[in-house]
Structures are given as C-alpha cells and as structure tokens.
Number of protein chains: 2
Amino acid sequence: MGVTIKDIAKKAGVSYSTVSKALRDSPLVQKPTKNKIMAIAEELGYQPNIAARSLVSKKSWVVGVVWPSVERMTLSALITKVNKELEEKQYTTVLSINEIDSAIQTFQRFQVDAILVFRDQANSPFELEALDTNIPILFYGTQSDQVSPVVDVNRKKAIELAVEHLSKLGHKKMAYIGNLGEKDTLQQEKVQTFQHMLVRKGIESGGIPLLNGLEASEGYRAGRQIIQAASPPTAILSGSYDLTRGLFQALHEAGLSVPQDISIASYDHVPQMLEFDPPVTSVGVPIEKVAEEIAAILLRMIDQTDVQQTYLLDPELAVRTSTRHRINQ
Amino acid sequence: MGVTIKDIAKKAGVSYSTVSKALRDSPLVQKPTKNKIMAIAEELGYQPNIAARSLVSKKSWVVGVVWPSVERMTLSALITKVNKELEEKQYTTVLSINEIDSAIQTFQRFQVDAILVFRDQANSPFELEALDTNIPILFYGTQSDQVSPVVDVNRKKAIELAVEHLSKLGHKKMAYIGNLGEKDTLQQEKVQTFQHMLVRKGIESGGIPLLNGLEASEGYRAGRQIIQAASPPTAILSGSYDLTRGLFQALHEAGLSVPQDISIASYDHVPQMLEFDPPVTSVGVPIEKVAEEIAAILLRMIDQTDVQQTYLLDPELAVRTSTRHRINQ
DNA sequence: TTGAAAGCGCTAACAG
DNA sequence: CTGTTAGCGCTTTCAA
C-alpha cells in the first residue's frame with residue numbers, strides 16, 4: 001500500500017539502509033545524499049510504518065494516555081498541552097477511554113513507551129501489581145500506591161496561599177465552595193486545609209456548603225446559599241474554575257459586585273480566570289507548568305533515568321482584581 | 001520482554017506456526033492441541049504483539065477515532081458505546097485529540113483499519129482529498145464533502161416530531177432554546193425546522209433566543225428570558241440535553257412546575273432524560289442505536305463491503321411526563 | 001493435522 | 001560514508 005523506504009531507495013539510487021539512516025537524520029550520511037533522500041521522501045508522501053519500526057527497535061514512540069471517565073475542562077486542556085509537548089520530542093499521544101486496567105493492556109500490546117494515567121475518584125480502583133508490565137506508568141491526580149510515580153498539585157499549599165492572601169486583605173469571614181464530603185479525597189484535602197486555616201488565622205466561617213458535584217450549577221447553588229445568609233462573608237474561595245463560573249452567576253443575579261461587595265478567589269490556575277469580569281485572583285499550578293512537568297517526567301521514565309516517587313507541584317498565587325481590602329462597615 | 005509464540009511453542013512442544021494457528025482458532029489445529037496451547041498462553045500471560053501482527057497481516061485491528069475539540073456529554077457517552085461495540089468484534093479503539101488532518105496522519109502510520117471522525121463546528125476545515133489515504137473514513141455529525149460516508153441524525157424530522165407532539169397536546173405558543181445563529185449549521189437546521197413548523201401548524205412563537213453556546217448556563221439564561229415575557233409560551237422545546245438542564249434550573253427557580261405550568265420537550269435521546277423531575281419527553285436517535293449503526297458501518301467499510309454515502313438515522317419520540325395537554329386559562 | 005520457511009518494513013550491527 | 005545482512009514477532013503458503 002504505502003510508500004516504503006525501498007521505493008525511496010530505488011528512486012534515489014541508494015541502498016534502503018542508507019535511506020533509513022538519512023530519514024533518522026543520522027550523521028553517517030552525507031549532506032547532499034541526505035537532502036536528496038529527504039526530498040524524494042517528501043515527494044512520494046512517505047509515512048514511516050510504525051509497526052515495522054517498533055517491531056525492530058522495541059520502541060513505538062507512542063505514549064498512551066488513560067483518559068478519565070469524568071472529564072472536566074481543565075483536564076481537557078491539560079491533555080492537549082501534554083500532547084503538544086510530547087509531539088515536539090517526536091512522540092505521538094494516543095488515548096484510551098477504557099477502564100484503567102484494560103486500557104493498560106491495550107497499550108501493552110501496542111508496546112507504547114510510557115503510559116500516563118489521569119486518575120479521578122470515578123474510575124475504578126485496580127491493582128497495578130496484578131498487571132505486571134514493565135512499561136513505565138505515571139499517575140496524575142492522586143497519591144497512589146507507591147508503586148508508580150505520581151505527579152500531583154500541592155493542594156494544601158494552594159489553599160493556604162489563597163486564605164493567607166484574603167486574610168492579609170483584612171477579611172474576617174470567608175466561605176468555601178467545593179465540599180464534596182468524604183467520598184472525594186482530593187476535594188476533601190482542600191476543604192480540610194481551608195478549615196485549618198480558618199482556625200489558625202482566627203477567621204470566621206461563612207459556610208462550606210456540601211455539593212453534589214463540581215459542575216457550574218453546583219457553584220451557583222452554593223453561591224446563592226452563602227450570600228443569602230443573615231450575615232454573609234466578605235470573601236469566598238471557590239474550589240475550581242467551573243464552580244467559580246456558577247458562583248459568578250449567582251452573584252450577578254443577586255446584584256452583588258466583585259470586589260466591591262465581596263472578594264472572590266479561586267483554585268485552578270487556568271487562563272480562563274482572566275475572562276471573568278473582573279479577572280479572578282487564582283491559585284494553583286499553571287496548566288502549562290503541569291503539562292511541561294508531566295511531559296518531562298514521562299521522557300525521563302522512557303529513558304530509564306530514575307525519577308522520584310512523588311512530584312508535588314508548587315502552586316502559585318496570581319492576584320487579580322476580584323479580591324481587595326475588606327471595606328469596614 | 002514479553003512472552004512470544006515461540007515461548008509457548010517451546011513449552012507446548014509444537015512448532016510456533018502451530019501456536020499461531022491455534023491462537024487464531026484455526027480449524028487446522030486439533031482440539032486437544034489447541035486447548036493445550038491456549039492453556040499455556042493463558043498461563044504465561046501471553047499478549048499478542050500488535051506491531052508484528054499488523055506488519056505481516058496488513059491489518060491492525062485498530063479503529064482510530066478523531067475526538068472533537070469541543071466535548072459534550074452526549075458525545076462522550078456515544079464514543080464509549082461505539083468502543084464497546086467494536087470491542088466485541090475484536091477491534092481496539094484509540095483516540096486522538098489532534099486536529100483532524102494530523103490525527104489522520106497518525107492513524108495512517110498506525111495502519112488503523114478505519115477512522116471515525118466526530119466532527120463539530122469547532123474543528124478546523126480540511127481537505128480530505130489532500131490526505132489521499134486508502135483507509136476508510138466515516139464522519140459523524142455533519143453533511144460533509146461527499147467523498148467519505150457520513151452518519152447523521154435526521155434533525156429535521158426530530159424537530160418535526162417534537163413540535164407535532166406538542167401541537168397535538170393543544171399548545172398554541174411555543175419557544176425554542178438552541179439558536180446559535182448562522183455560524184452553526186447543525187443547530188441552524190433545527191431552528192429553521194422549528195420556525196417552519198410554527199407556520200405550518202399555526203403556532204405562535206414564544207421566543208427563540210440567540211445563545212452564545214450550548215452549555216447548561218445558556219439554557220438557564222434563555223429559559224429565564226422566555227418565562228419572564230409578558231405572555232409566556234405554554235411549551236418549550238430545548239435543543240439539547242445540556243440546555244435542558246439549565247432550563248430546568250430556571251424554571252425551578254421561578255417556581256414553575258412541569259408540566260402543570262409549562263410543558264417541556266427536549267432534543268437528544270439520552271437515558272439521562274429520565275433523571276429529570278419529571279422525566280423529560282425527548283426526541284432524537286437513541287444513543288445505543290447511533291453507536292450500533294456507526295460500529296456496523298465501520299465494520300462494513302473495513303470489509304470493503306460497499307456502503308452508502310449518507311446514513312440519516314431516524315429519530316424517535318419518547319413521551320414522558322414533562323409534556324401534557326395545555327390547560328385552558 | 002503439523003512443521004518449515006518466506007517475508008511484512010524497518011533498524012542496527014558489520015563490512016566494505 | 002554507503003551497502004549488506006540479520007532479524008524483530010507474527011501470519012501464511014507450501015510441504016511433509
């Protein structure tokens with residue numbers, strides 16, 4: 001079917017191994033020869049056959065990504081960035097929407113060079129050991145089994161940064177949106193840190209409503225609940241971008257303006273925070289940074305360079321105009 | 001690294017070509033021999049090497065799916081179903097989040113057996129001809145270039161069914177939520193059909209607000225706008241599941257009950273329609289049916305069986321309790 | 001019914 | 001620098 005290196009070799013009048021070398025940009029081929037070969041390859045629309053290459057080189061130049069069952073916007077953006085990053089290093093990214101274990105099996109048969117698993121509370125637990133694969137696996141999003149390396153955001157520090165910021169601005173009563181109860185350990189960690197910070201800083205709680213999910217509608221619901229209290233807080237910290245969207249809707253509807261009437265800060269360091277009116281003070285690890293980090297670690301794992309067990313990424317605080325000094329009333 | 005057929009052959013005391021046959025369940029191998037080989041393969045945790053297999057057989061048993069840039073819930077469910085369907089036929093599904101053309105190139109190198117493209121208004125236009133691949137490509141979601149087969153829902157008929165239903169219930173004033181203006185041809189078709197139906201049935205328009213997107217929040221906004229009118233409609237037809245979610249929020253908030261105060265019907269035939277309170281009358285092609293159809297067509301394309309140019313799936317109306325006779329007032 | 005052997009497209013020694 | 005050659009793991013004739 002497709003064009004092979006033999007076709008190119010014939011047309012260029014060289015041996016096909018020379019073509020192979022030239023295509024891989026080997027220094028063992030003369031510049032002119034190389035150029036000529038490249039040109040012919042281009043002309044013929046040559047596409048290397050992954051199967052053949054990976055069969056002999058034991059390397060597929062493919063990274064498999066296990067896509068989480070629940071998809072939130074930030075993850076979607078993150079995966080796109082990781083893909084781009086890897087592409088620069090000649091790797092192709094391929095996704096699977098299967099359950100973690102069967103996805104890993106598929107990737108195994110593909111002989112992918114590494115696997116990235118986006119894990120969330122929704123996907124089923126599984127035994128990594130049982131799979132016993134020698135393909136390096138990197139997890140994102142949760143402290144896992146100590147078997148495979150994990151990349152995660154230092155959520156605790158992020159919340160601390162945010163509360164600290166609001167506290168410095170003089171806020172004495174704050175609410176938090178993003179409490180999913182005990183079932184979700186990721187969110188739980190943020191909630192607990194928030195509570196600890198209130199105590200430590202001597203701040204009164206303005207409510208930490210229990211949510212049913214992380215969609216914008218839940219942020220809307222929680223926001224309404226908080227501002228309708230007899231004595232509402234002067235600042236609200238939201239646990240995610242989507243929740244913040246809903247929160248803004250509730251505030252807007254109630255005729256409250258930010259930051260005059262209330263200060264808003266949000267977890268999730270995504271560019272979209274700037275699209276709010278006003279731009280939202282946010283805390284978290286910039287998505288580009290996470291993507292770069294993930295790509296870099298994957299590459300190191302592929303190269304067999306030793307990697308740490310856990311990478312806890314440091315969050316950053318980006319102060320914008322949605323937060324300001326509390327007005328004494 | 002992995003276990004190969006040679007390992008199995010050695011352990012079973014047969015030639016490796018026999019193992020190959022046995023594993024493919026060939027009739028050329030005796031039952032007992034076959035069983036023995038199967039058992040050993042299982043025991044050794046044998047995983048066939050896709051690269052090798054596809055190299056020689058010119059078939060990868062992989063179907064590539066080009067994931068749309070904008071992801072809506074229904075598509076996510078659909079892709080999962082298609083995957084399941086294909087899995088039963090021994091095919092593995094792999095996704096790419098790249099732009100259509102580069103995704104197709106990647107799949108080409110993988111020698112996938114077929115490509116499924118979920119197309120939406122957001123992903124960039126491209127020239128299929130330019131790619132000139134001989135891998136069969138199936139599009140979903142829009143009338144395309146007449147080069148490759150397309151599967152699509154008969155949106156026109158769907159809207160007709162819905163309006164007809166509401167009209168029969170005596171509604172004389174209806175609103176439609178889902179108008180994205182002229183930029184989105186898919187939505188445009190539904191809007192236009194709705195308008196035509198109003199004329200044909202002598203129904204008054206209760207508003208067809210222009211939206212900025214298809215998220216739930218837009219449904220909420222439009223819903224509020226519609227019910228706040230001086231003389232609101234007695235029925236609303238929503239253009240998608242997400243919009244309906246937002247619409248319900250708006251109705252709930254305004255203290256309107258469905259279907260006592262207003263009848264609601266929605267496009268998108270997904271199971272989640274039953275989770276509303278009350279369950280929502282919906283119209284569209286059941287997602288399982290779409291998935292089955294897509295999988296079947298892909299399989300036929302792989303087998304070189306000739307397929308039609310366009311498959312326009314017939315929508316179904318599922319009447320639930322969110323719609324009822326108009327109350328004379 | 002089983003085994004031997006060729007070869008898919010490519011990379012990587014090794015020779016020249 | 002360029003060419004020759006041996007496989008990678010598997011399927012598939014062709015022989016036995």
Side-chain angles (χ1 to χ4, degrees), chain A residues 1-38 40-41 44-62 90 92 108-113 134-135, chain B residues 1-38 40-41 44-62 90 92 106-113 134-135:
Chain A
M1 45 163 299
V3 183
T4 74
I5 49 173
K6 287 185 181 165
D7 298 322
I8 300 177
K10 207 179 298 170
K11 188 148 189 177
V14 297
S15 80
Y16 71 85
S17 61
T18 302
V19 174
S20 171
K21 284 169 203 149
L23 258 19
R24 326 232 79 241
D25 201 26
S26 157
L28 299 176
V29 182
Q30 263 189 137
K31 253 293 164 47
T33 321
K34 199 184 282 184
N35 290 147
K36 186 175 167 195
I37 291 173
M38 292 293 210
I40 296 179
L44 263 35
Y46 171 76
Q47 290 281 344
N49 181 321
I50 289 193
R53 172 185 301 192
S54 90
L55 183 58
V56 50
S57 66
K58 305 275 195 187
K59 234 194 116 154
S60 60
W61 292 92
V62 173
Q90 312 302 326
T92 298
Q108 219 164 231
R109 285 186 279 120
F110 267 105
Q111 309 223 118
V112 301
D113 298 331
N134 43 6
I135 299 175
Chain B
M1 42 165 301
V3 183
T4 75
I5 50 172
K6 287 186 181 165
D7 298 322
I8 300 177
K10 206 180 297 168
K11 189 149 188 178
V14 296
S15 80
Y16 71 87
S17 58
T18 302
V19 173
S20 171
K21 285 169 200 151
L23 257 20
R24 324 234 79 239
D25 200 27
S26 156
L28 299 177
V29 181
Q30 265 190 136
K31 253 289 165 47
T33 322
K34 199 184 281 182
N35 291 147
K36 186 174 167 193
I37 291 174
M38 292 294 211
I40 295 179
L44 262 37
Y46 171 75
Q47 290 280 345
N49 182 321
I50 289 192
R53 186 203 299 248
S54 89
L55 182 58
V56 51
S57 66
K58 305 275 195 188
K59 232 195 117 152
S60 60
W61 292 92
V62 173
Q90 312 301 328
T92 298
T106 301
F107 288 148
Q108 218 164 236
R109 284 187 277 117
F110 267 104
Q111 310 222 119
V112 301
D113 299 331
N134 43 6
I135 299 175

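Heavy atoms only: backbone and side chains are in, while hydrogens, waters and symmetry mates are out. Letters A, B, ... mirror the listed sequences (proteins, then strands); counts begin at 1. Everything quoted here is computed from the prediction, not taken from an experiment.
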Grab the [atom1]-[atom2] distance between [X] and [N] for me, whole Å please.
X: F110(A); N: dC8(D); atom1: CZ; atom2: P; value: 22 Å
X: R53(A); N: dA12(C); atom1: CZ; atom2: C1'; value: 13 Å
X: I8(B); N: dG9(D); atom1: CD1; atom2: P; value: 13 Å
X: I5(B); N: dA4(C); atom1: CD1; atom2: P; value: 13 Å
X: I50(B); N: dG9(C); atom1: CD1; atom2: P; value: 18 Å
X: R24(A); N: dG9(C); atom1: CZ; atom2: P; value: 17 Å
X: K21(B); N: dG9(D); atom1: NZ; atom2: P; value: 20 Å
X: K6(B); N: dA4(C); atom1: NZ; atom2: P; value: 12 Å

Closest to the [X] side chain: [options]?
X: Y16(A); options: dG9(D), dT11(C), dA6(C); answer: dT11(C)
X: S20(B); options: dT11(C), dT12(D), dC10(C); answer: dT12(D)
X: K58(B); options: dG9(D), dC8(C), dC10(C); answer: dC8(C)
X: N49(B); options: dA4(C), dG9(D), dG3(D); answer: dG9(D)
X: L55(A); options: dG9(C), dG7(C), dT2(C); answer: dG9(C)

Close side-chain approach of F110(A) to V62(A), heavy-atom, < 4.5 Å:
no

When you compare the side chain of Y46(A) with that of I5(A), does any pair of heavy atoms fall below 4.5 Å?
yes

Could you say whether K34(B) or Q47(A) is positioned toward the 5' end of DNA chain C, judged by the nucleotide with the nearest heavy atom to each?
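In this pair, the answer is K34(B).
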
S57(A) vs K31(B), nearer the 5' end of DNA chain C by closest nucleotide:
K31(B)

Any donor-acceptor pair under 3.5 Å linking the side chain of K34(B) with the backbone of S26(B)?
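The answer is yes, because a donor-acceptor pair under 3.5 Å joins these two groups.
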
Give, for atom [atom1] of [X] and atom [atom2] of [Y], the distance between the pair rounded to the nearest 0.5 Å.
X: K36(B); Y: I8(B); atom1: NZ; atom2: CD1; result: 12.5 Å
X: S54(B); Y: I50(A); atom1: OG; atom2: CD1; result: 9.5 Å
X: I37(B); Y: K11(B); atom1: CD1; atom2: NZ; result: 13.5 Å
X: T4(B); Y: N49(B); atom1: OG1; atom2: CG; result: 9.5 Å

So does S17(B) get a side-chain nitrogen or oxygen closer than 4.0 Å to the phosphate oxygens (OP1/OP2) of dG3(C)?
no

Any side-chain N or O of T4(A) under 4.0 Å from OP1/OP2 of dC8(C)?
no

With a 3.5 Å cut-off and heavy atoms only, can you find an N or O donor on one side and an acceptor on the other between the side chain of S15(B) and the base of dA4(C)?
no

Using five base pairs at each end, measure the axis-to-axis angle across the helix from dT1(C)-dA16(D) to dG16(C)-dC1(D) and round it to 10 degrees.
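If I round to tens, the end axes sit 40° apart.
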
Within 6.0 angstrom of K10(B) NZ, more than 12 heavy atoms from elsewhere
no

So T33(A), base contact, sugar-phosphate only, or nothing? Heavy-atom distance under 4.0 Å.
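Answer is sugar-phosphate: T33(A) comes under 4.0 Å of backbone atoms only.
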
